[in-house]
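The model shown is predicted, which means the values in this text are computed figures rather than measured ones.
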Amino acid sequence: MTANPGLADVARRAGVSTATASRVLSGRGPSSAASRDAVRRAAADLGYVPHPVARRLAHRSGTRIVFAVRDARADILRDPFVTRAAAAMSAATEPDGLGTALLRLPLSASAELDRLAADRSVAALVLAGHDRALLAGLPAALRGRTAVIGAGGSDVDSAAGVGALLTHLYGSGRRRIALVAGPRWLAASRAPMAAYTRLTRAAGLPQRVVHGDFTTVRGRSAAREILRRWPDTDAIATVSDATALGVLQALATDGLRVPHDVAVTGFDDSPLAEAVHPALSTATHPVELIAVSAVRAALGAPSPGRLFPSRPVLRASCGGAP
């Protein structure tokens, strides 16, 4: 039996053209009785299962994937996470004839979701930036062909990645660790927050949390807010490299040394993390693998995994590397 047999394998085995095999297996278009028998036998012998995308195209149930990102920021579609995820989805589905469309959803997105549900060109929907209310209000026509990136869907194990960085900070002697968490409304913000809560409670440390929005601008203002409220803070952990870069900028402007006065960690392991000075300690975030898993799940295909590992990358900003 051929591993992962395709339509061309069935056609060769049956001794017919790929077009004929496609007509037989989709039930669309003319074919002789002999061809039908040969193709069906070949498919059974090979264990052929039509690809979900091919089935959708054959039944004209949409021609594009919509990657919808729910966020309050008007410029969210320029975020590196979004562009990386969209590019990975496009590369994964383009060979099957599906396009990828990128859409920003406001926090109150019911009208936009209703329009997507009525749009016959939409084969599947991938959502990022969701919360429970958004999923609870998903139109019936989108159920069964929608997948999410983040909590409850294809996601990174941010609790493990952030938790490992927090554990390193504590192990290196930091006892007054602040966290710049994600937005309160975002479901994915809960996992890093839970890791922080576990560590501070277990170690008897004070909890110092401000909420951010994954931007450098907010990182700068968050760092100043933390130092105003808790001036003895000796470490600032964040949930994105962009936020951490803003923290580094604010600390440098205020004359604080990193990591001597305040250690800093990010999350994402973006290219800038190694390029800045001091180099940023962070954790890995396999955005492309997550995006492909989500789009496959939305199309009904088995996905390779829903929770992808994150590992710490220790650099100079937390004393982890020279």
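- Between Asp269 and Arg311 no salt bridge is recorded (no basic side-chain N to carboxylate O distance below 4.0 Å).
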Subject >> Leu105 and Leu127: CA distance, side-chain angles, deciding distance, side-chain contact (heavy atoms from CB on, under 4.5 Å) verdict >> reply: CA-CA 9 Å; Leu105 296 178; Leu127 284 172; 3.7 Å; yes
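- The hydrophobic cluster containing Val287 does not contain Leu307, counting ILVMFWY residues as joined when their side-chain heavy atoms lie under 4.5 angstrom apart, directly or transitively.
- Comment: Arg224 engages Asp254 in a salt bridge, judged by a side-chain N to carboxylate O separation of less than 4.0 angstrom.
- Between the side chain of Ser310 and the backbone N or O of Ser158 there is no donor-acceptor pair closer than 3.5 Å.
- Clustering ILVMFWY residues whenever any of their side-chain heavy atoms sit less than 4.5 angstrom apart, transitively, puts Val66 in the very cluster that holds Leu142.
- Separating the CG atom in Leu113 from the CG atom in Leu138 is a distance of 6.0 Å, to the nearest 0.5 Å.
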Might you work through the ring-ring contact (aromatic ring centres under 6.0 Å, His included) test for Phe308 and His285, ending with a clear yes or no? CA-CA 8 Å; Phe308 290 80; His285 189 175; 9.8 Å; no
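- Separation of atoms CG (Leu186) and CG (Asp71) is listed at 8.0 Å; rounding is to 0.5 Å.
- With hydrophobic clusters built from ILVMFWY side chains whose heavy atoms lie under 4.5 angstrom apart, Ile226 does not share a cluster with Val239.
- Remark: the backbone N or O of Ala250 is not paired with any side-chain donor or acceptor of Arg220 at under 3.5 angstrom.
- Arg145 places a side-chain N or O within donor-acceptor distance of the main-chain N or O of Val122, the cut-off being under 3.5 Å.
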- Taking it one step at a time, do Asp234 and Val262 satisfy side-chain contact (heavy atoms from CB on, under 4.5 Å)? CA-CA 4 Å; Asp234 60 8; Val262 183; 5.9 Å; no
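- One distance of note links CD1 of Ile290 with CZ of Arg84; it measures 9.0 Å at 0.5 Å rounding.
- Of all heavy-atom pairs between Ala42 and Arg13, the closest is CB-CG, 3.6 Å.
- A pairwise comparison of heavy atoms in Leu134 and Ala109 identifies CD1-CB, 4.0 Å as the closest pair.
- Closest heavy-atom contact between Ala316 and Pro278: CB-CB, 3.9 Å.
- Arg64 has a carboxylate O that lies under 4.0 Å from a charged side-chain N of Asp119, or vice versa, which qualifies the two as a salt bridge.
- Connection of Trp185 to Val180 is not established within any shared hydrophobic cluster, with ILVMFWY side chains joined at heavy-atom distances below 4.5 Å, either directly or through further cluster members.
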Stepwise side-chain contact (heavy atoms from CB on, under 4.5 Å) check, Leu280 with Thr265
CA-CA 6 Å; Leu280 179 64; Thr265 62; 5.6 Å; no
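- In this structure, a donor-acceptor pair under 3.5 Å is absent between the side chains of Asp268 and Ser270.
- Side-chain polar atoms of Arg208 and Thr233 form a donor-acceptor pair below 3.5 angstrom.
- Pairing each heavy atom of Thr282 with each of Ala273, the nearest pair is CG2-CB, 4.2 Å.
- Contact check on Arg115 versus Glu112 returns a salt bridge, with a Lys/Arg side-chain nitrogen under 4.0 Å from an Asp/Glu carboxylate oxygen.
- The backbone N or O of His168 lies less than 3.5 Å from a partner atom in the side chain of Ser172, making a donor-acceptor pair.
- Ion pairing between a basic and an acidic side chain is recognised when a charged N comes within 4.0 Å of a carboxylate O; Asp232 and Arg176 show such pairing.
- With hydrogens and angles disregarded, a donor-acceptor distance shorter than 3.5 Å links the side chain of Arg104 to the backbone of Arg73.
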- Query: Does the side-chain contact (heavy atoms from CB on, under 4.5 Å) test come out yes or no for Leu251 and Leu227, once each step is laid out?
  - Reply: CA-CA 9 Å; Leu251 295 176; Leu227 294 175; 3.6 Å; yes
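- Closest approach of Pro309 and Asp157 over heavy atoms only: CA-CB, 4.4 Å.
- Using a distance-only test at 3.5 Å, with no hydrogens or angles considered, a donor-acceptor pair links the side chain of Thr216 to the main chain of Ala242.
- Side-chain contact annotation: Arg23 with Thr20, donor-acceptor N/O pair under 3.5 Å present.
- A distance-only check finds no donor-acceptor pair linking the side chain of Ser22 to the backbone of Thr18 [under 3.5 Å].
- Classification of Arg306 and Asp155 as a salt-bridged pair fails, no side-chain N sitting under 4.0 Å from a carboxylate O.
- The backbone N or O of Met193 sits less than 3.5 Å from a side-chain atom of Thr197, completing a donor-acceptor pair.
- Side chains of Thr243 and Thr238: no donor on one and acceptor on the other come within 3.5 Å.
- In this structure, Gln207 CD and Leu199 CG are separated by 10.0 Å, a value rounded to the nearest 0.5 Å.
- Side-chain atoms of Arg296 and Ser293 include no donor-acceptor pair closer than 3.5 Å.
- How far CG of Leu103 is from CZ of Arg70: 13.0 Å, rounded to the nearest 0.5 Å.
- Counting heavy atoms from C-beta outward, Leu299 and Ile65 have side chains that approach closer than 4.5 Å.
- Taking CG of Leu314 as the reference point, atom CG of Leu169 lies at 9.0 Å (rounded to 0.5 Å).
- Neither Ile177 nor Val264 shares a network with the other; the hydrophobic side chains, linked directly or stepwise wherever heavy atoms of I, L, V, M, F, W or Y lie under 4.5 Å apart, form separate groups for each.
- The backbone N or O of Ala151 sits less than 3.5 Å from a side-chain atom of His130, completing a donor-acceptor pair.
- For the pair Tyr196 and Leu166, the tightest heavy-atom approach, listed with the atom from each and the gap, is CA-CD1, 3.6 Å.
- Between the side chain of Arg41 and the main chain of Ala14, no donor-acceptor pair closer than 3.5 Å is present.
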